Amino acid sequence: MKISIANRKIGSSMVEFLCGLVVLVPIVLLAIDLVSIYSGYSLNNRMCADAARAAASGPPDALMSRSPRSRAEGVIHNVYDEATVKKYNVLGRVVIHPDCVVTERLTSPIPSAALGGPIDGDVTVQTTVDVIPPFLIKQFMPGGVTLSTQQTFPYTYIVPSKSSN
């Protein structure tokens, strides 16, 4: 049986193609994993910024206990609920930690209720998510990649004045 040169070229081309796939497929899967981690990172940054902005938009702890924390957690629960997370399940899974760390820093005394005035200070919110990529990284890190970020926003709340009439 005689094998022609054309058959040898097709056979060697098929071997080269299959060897290329062995290298190319893991690279593509790793790229998809990295895109899923980046999308979780982006989601966490947006969520943290929105929570910090909400926390800074109302009275500080000194005027209303746990108020900044409840506003920040409200944004996380109301805006970034399961519907938002399901959107990211296409490229892996994003698990949002329901609690966040809220710290405030007041740089001057709170204005008196009689005169009112702006609150001088800022609020820092720290949020955490776990990103579980769909392919290769999940095999080595079954719990996923934990991403944490923090954002700081100045208070925008103004203490209303209580005029005595």
Side-chain angles (χ1 to χ4, degrees), residues 26-165:
I27 290 173
V28 170
L29 294 178
L30 183 63
I32 292 172
D33 281 354
L34 293 176
V35 166
S36 71
I37 291 172
Y38 179 76
S39 68
Y41 167 78
S42 176
L43 169 73
N44 192 28
N45 278 342
R46 281 193 312 273
M47 177 180 66
C48 187
D50 290 346
R53 196 175 298 113
S57 68
D61 273 338
L63 293 178
M64 188 177 287
S65 181
R66 297 182 53 88
S67 179
R69 182 181 177 95
S70 64
R71 285 190 301 274
E73 287 178 346
V75 166
I76 292 170
H77 293 297
N78 295 334
V79 178
Y80 296 94
D81 60 356
E82 288 298 318
T84 302
V85 174
K86 284 180 185 172
K87 191 166 58 174
Y88 286 91
N89 276 344
V90 175
L91 292 176
R93 206 168 93 220
V94 177
V95 179
I96 297 174
H97 292 215
D99 54 342
C100 58
V101 178
V102 178
T103 55
E104 67 179 8
R105 184 178 59 91
L106 298 175
T107 55
S108 66
I110 296 175
S112 67
L115 299 175
I119 301 291
D120 192 20
D122 53 42
V123 178
T124 301
V125 175
Q126 180 180 359
T127 58
T128 306
V129 298
D130 293 327
V131 180
I132 303 169
F135 299 116
L136 296 179
I137 296 176
K138 183 167 99 172
Q139 305 308 317
F140 301 107
M141 301 173 79
V145 179
T146 301
L147 302 172
S148 182
T149 188
Q150 70 179 24
Q151 300 278 336
T152 302
F153 277 85
Y155 269 109
T156 57
Y157 182 73
I158 297 176
V159 177
S161 64
K162 294 183 181 172
S163 59
S164 56
N165 286 343

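Just so it is clear, the structure is predicted and the values come from calculations on it, not from any experiment.
- With hydrogens and angles disregarded, a donor-acceptor distance shorter than 3.5 Å links the side chain of Asp33 to the backbone of Phe135.
- A 4.5 Å side-chain heavy-atom check between Arg93 and Val131 finds every atom pair outside the cut-off.
- Contact annotation: the side chain of Leu63 approaches that of Ile110 to within less than 4.5 Å [non-hydrogen atoms, C-beta and beyond].
- A donor atom on one side chain and an acceptor atom on the other are found under 3.5 Å apart for Arg71 and Ser67.
- Residues Ile37 and Ile137 have side chains in contact (heavy-atom distance under 4.5 Å, counting atoms from C-beta outward).
- Taking the salt bridge (charged side-chain N to carboxylate O under 4.0 Å, His left out) definition, one finds that Arg69 meets it with Glu73, sequence neighbours left out.
- Although no hydrogens or angles enter the test, the distance criterion places no donor-acceptor pair under 3.5 Å between the side chain of Asp120 and the main chain of Ser108.
- Residues Thr152 and Val123 fail the side-chain proximity criterion, which asks for heavy atoms closer than 4.5 Å.
- Taking CG from Leu136 and CE from Met141, the interatomic distance works out to 13.5 Å, rounded to the nearest 0.5 Å.
- Residues Leu43 and Tyr80 meet the side-chain proximity criterion, which asks for heavy atoms closer than 4.5 Å.
- In this structure, OG1 on Thr124 lies 10.0 Å from CD on Glu104, to the nearest 0.5 angstrom.
- Formation of a donor-acceptor pair under 3.5 Å by the Ser42 side chain with backbone atoms of Ser39 is not found in this model.
- Annotation: salt bridge (Lys or Arg N to Asp or Glu O under 4.0 Å) contacts involving residues 134-145, sequence neighbours excluded, are absent.
- Side chains of Tyr155 and Pro60 form a contact here, defined as non-hydrogen atoms less than 4.5 Å apart.
- Counting all heavy atoms, side chain and backbone alike, Pro111 lies closest to Gly116 at CB-O, 3.5 Å.
- With contacts defined as side-chain heavy-atom distances shorter than 4.5 Å, the pair Asp130/His97 qualifies.
- Across every non-hydrogen atom of Ser161 and Ala114, the tightest pair is CB-O, 3.7 Å.
- Shortest non-hydrogen contact noted between Val125 and Ala52 is CG2-CA, 3.5 Å.
- There is a side-chain donor-acceptor pair under 3.5 Å between Asn45 and Thr149.
- Side-chain atoms of Asn44 never come within 3.5 Å of backbone atoms of Gly40 as a donor-acceptor pair (strictly under, hydrogens ignored).
- Of all non-hydrogen atoms in Thr107 and Gly121, the two that sit nearest each other are OG1-N, 3.9 Å.
- Considering all non-hydrogen atoms of both residues, Pro98 and Ile76 come closest at O-CG2, 4.5 Å.
- Considering OG1 of Thr156 and CG of Asp122, their distance stands at 12.0 Å, rounded to 0.5 Å.
- Contact check for Cys100 versus Gln126: no side-chain heavy atoms found under the 4.5 Å cut-off.
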Give the C-alpha distance, both sets of side-chain angles, the deciding distance and a yes or no for side chain to side chain contact (heavy atoms under 4.5 Å, CB included) between Thr128 and Thr146. CA-CA 7 Å; Thr128 306; Thr146 301; 3.5 Å; yes
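- In this structure, Tyr41 places its OH atom where only 12 or fewer heavy-atom neighbours from other residues, nucleotides or ligands lie under 6.0 Å away.
- Residues Ala72 and Ala55 come closest through the heavy atom pair CB-CB, 4.1 Å.
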